[in-house]
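Only heavy atoms go into these numbers, but all of them, side chains included; no hydrogens, no water, no symmetry mates. Residue numbers start from 1 in every chain, and the chains themselves are labelled A, B, ... in the order their sequence lines are given, proteins ahead of strands.
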Amino acid sequence: MNKNSSICKMQFSQKNTNTISKIMWGIVLRSRIERTIPFHSFHLRHYSSSHSQLPNYVHANLLKNGTFGELSVTNYVLSLYIKSKDLVCAFQVFDEMLDRDVRSWTMIISGLVQVGSCRMALDMFTDMHKEGIVPNHFTFSSVLKCCSTLNEVRMGKSVHGWIVCNGVFVDTALENSVLDFYVKCGSFDSAKLYFELMTDKDIVSWNIMINAYMQIGDMETALGVFRRLPVKDASSWNTIIRGHLQNDNYGIAMELLYEMVKSGTALSKETFSIAFGLVASLTALDLGMQIHGRLLRSGIHHDGFLRNSLVDFYSKCGEMEKASFVYQGFPKCNASDRCSKNNNKSLPHSFSQSLVTGYVQNGKLQEALKMFTTMVTDRFEVDKFTLTSIVTGCANAGLLELGQLIHAQIVKAGQPFDIFLSSSMIDMYAKCGELDDAWSIFRETKVRNTVLWTSVISGYGLHGRGRDAIQMFNWMLAEGIKPNEISFVGLLTACSHAGLLNEGMHYFMVMKEEFGIKPQVEHFTCMVDLFGRSGRLDGIKDFISKNKISNVASVWRSFLSSCRIHKNIEMAKWVSDKLFELEPPTAGSYILLSNTCASGDKWDDVAQVRGLMKDMGLTKHPGQSWIQLKNQVHSFVMGDRSHPEEAAIYSYLSELIQRLKEIGYSTEANIVMQDVEEEQKELLLAFHSEKLAIAYALMKTSTGSPIRIMKNLRVCTDCHSFMKCTSLLLEREIVVRDLRRFHHFKHGHCSCGDYW
DNA sequence: TTAGGGTTAG
């Protein structure tokens, strides 16, 4: 359950508007490492703590005393640079070498593999071949790793064939590389056969095979092999624990971790990383903190990778203060470092990109944007994980322009979209009202999974395009993609928003019977909503009793909402009694009841409900609307007079309402919660936040351009009618995102068909 | 041979 998924999560202020506009000036994207990318950027990215000044010192001295230039000496300097992962200097040396042997080439290739630049390593391998240098077993080891990383199955097999046919010297390390290649490329049978034929199996060979069984989901055999190992090293433990963690066997993973600690095997960096992943999945804060303590005692807590694991763990447990505290300990660099030639050396760990993600996941978008902005303005590279998180934040807060900017920068950088980024982009465009753009991304994404399809189905649902959502759902099935429970929430919501009762009932049955998905609270609530919107209040009663869900509060809340839509006061009272048996009354429930009574002019009841609310100290969450104009977010609340142009806004609004009345708009005063005089009711209605936002948008935008508004609550009947009339009178398209869905107003009609 | 983080709903 995602507790941060409500559409309107943050309140906008001038402060974060500035943040957003700063971001507009540029985004540094992580680029693919190819030959065209200047080497310094890759140096920046892959610098590791193992770096020291030693290679430069040795290099300088050798140059000074004139011994630099001999092949063996140059190779030695090259090896120092490779060990310290200083590929820039390594390439400088390599390029200047007059003579290069197999060791020179192999070192540069393995250096590239170490920093993850496999494509380039393969290019170097080709160049080496062209120069007539014969590869050795070290070269082949690196090349096979590239093949498995890049999933170059054919090439890997050819390399293996070449090794066999040419009688290359094969040691256990190379055999392990071949074995690992077959495992990583999913050729399990080949791996198994090769393993059986291996003459000298070491612990690495066994670890690779344990990993292979894990990959094919054969946990039992993997565990059996692991148990039979006479000597287990940290990798054996890490592999088996990680495998269980990835297969959601948290209990066994935890038991194995305890066993590893008891066995006395020293916990490696990898073990800690896996352990934090485990406690993060279980949101086991106390246990995680104990492991954190152990890490501090181990003395390896300065590792950047591990810090990010820790940040992630605390974020997943909702402990952002602790996550931020861990981040505070990250090595920092100052501005002069960044400007100097040899700067960039402490950069990669100075920012925790995991922290940005944590902020987004915990609904703290302001903090996330603040950190993101600093990264961008300081020209740090932003990786795809962070970008995906920021796009998700844009989706939740409706920051279309920032989302668009990120999209544009990714395209400009030639960065490929992966399925995570595509899904969040689709979601962002859908939640920001740009369904066509969401569709374009979807169309351009060639490999589609359930989440991607669900994003687009839900997007159509959000805009009331129920039939399109159904069409997409069927298309998804035709492409052989299986829907999950979230896909059905999206589909049923789409049916509900479009009033497609029969279709909704059909898919509810399909979900259970064809896909074996047990309905959850969310699905039941969708169905109750669907019956309610269709006016089938008695149908809801039957549905609740048939499905034995009378103990689910959200179902009764939805029922109460339907009573308000259909102005059924008696039913509303009965439903609210049921609801209050399950959960203490909330302001929201009381407001629903009070509005239902008000809609039937039952003012005594309204007064009683509001009296109860007052006695219990319950206050209504204020309605808030906002618009974005020229990189500025303008926020309005009901009756708010804090805007610098408030006098002009209120005057414009009063004038507009007078003109709207001439074409038939009448204030539906009965929805106001207080039994006040008619004139006063009208006044109150006139000040609803969305009306203020629309008035301001009309004042500030050119004729004919569409207006986009976001609101933190549902749109009230009167404002809905106001927007329909405005769209007709001023020939303006008005797009409103409310708490649940979109309304597109055009020529006096709304896309929701007055059914929301 | 083994390590972290990103997507979809209500």
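- Among the nucleotides B:dA9, B:dT1, B:dT7, the one closest to any side-chain atom of A:T493 is B:dA9.
- Nucleic acid contact for A:I419: base, since at least one base atom lies under 4.0 Å from a heavy atom of the residue.
- You'll find that the side chain of A:T392 is closest to B:dT7, out of B:dA9, B:dT7, B:dG4.
- Among the atoms of the strands shown, none is found under 4.0 Å from any heavy atom of A:T525.
- In this structure, A:I274 reaches the sugar-phosphate backbone alone: every heavy-atom distance under 4.0 Å involves primed, P, OP1 or OP2 atoms, never a base.
- Closest to the side chain of A:D312, from the set B:dG5, B:dA3, B:dA9, is B:dG5.
- Each of B:dG6, B:dT8, B:dG4 was ranked by its minimum atom distance to the side chain of A:K384; first place goes to B:dG6.
- Between A:F488 and A:F515, the ring planes are tilted. Angles from 30° to 60° get that label.
- By the criterion of a centre-to-centre distance under 5.5 Å and near-parallel planes under 30°, the ring of A:F420 forms a stack with the base of B:dG6.
- Here the side chain of A:N547 pairs a donor or acceptor atom with the backbone of A:F543 at under 3.5 angstrom.
- Using modelled atom types, no side-chain atom of A:H244 and backbone atom of A:N249 make a donor-acceptor pair closer than 3.5 Å.
- When rounded to the nearest whole Å, the span between CE of A:M425 and C1' of B:dT8 equals 15 Å.
- Not a single donor-acceptor pair under 3.5 Å links the side chain of A:S187 to the backbone N or O of A:V183.
- A:D418 comes within 4.0 angstrom of a base, heavy atoms only.
- Taking only side-chain atoms of A:S354, from C-beta outward, the nucleotide of B:dG5, B:dA3, B:dT8 with the closest atom is B:dG5.
- Phosphate contact (OP1/OP2 of B:dA3, side-chain N/O of A:R242, threshold under 4.0 Å): present.
- Nucleic acid contact for A:S309: sugar-phosphate only, since backbone atoms but no base atoms lie under 4.0 Å from a heavy atom of the residue.
- For B:dT2, the base has a donor-acceptor partner in the side chain of A:S235 [N/O atoms by modelled type, under 3.5 angstrom].
- In terms of phosphate contacts, A:K431 brings a side-chain nitrogen or oxygen within less than 4.0 Å of OP1 or OP2 of B:dA9.
- Heavy atoms of A:K184 sit under 4.0 angstrom from primed sugar atoms or phosphate atoms, though from no base atom.
- If you check every strand for non-hydrogen atoms under 4.0 Å, A:K232 touches nothing.
- Using a 4.0 Å heavy-atom distance criterion, A:T454 is classed as a base contact.
- In this structure, A:F305 counts as stacked on the base of B:dA3 under the 5.5 Å centre distance and 30° plane angle limits.
- Just one of A:I241, A:L257, A:T239 meets the side-chain contact (heavy atoms from CB on, under 4.5 Å) condition when paired with A:I274; it is A:I241.
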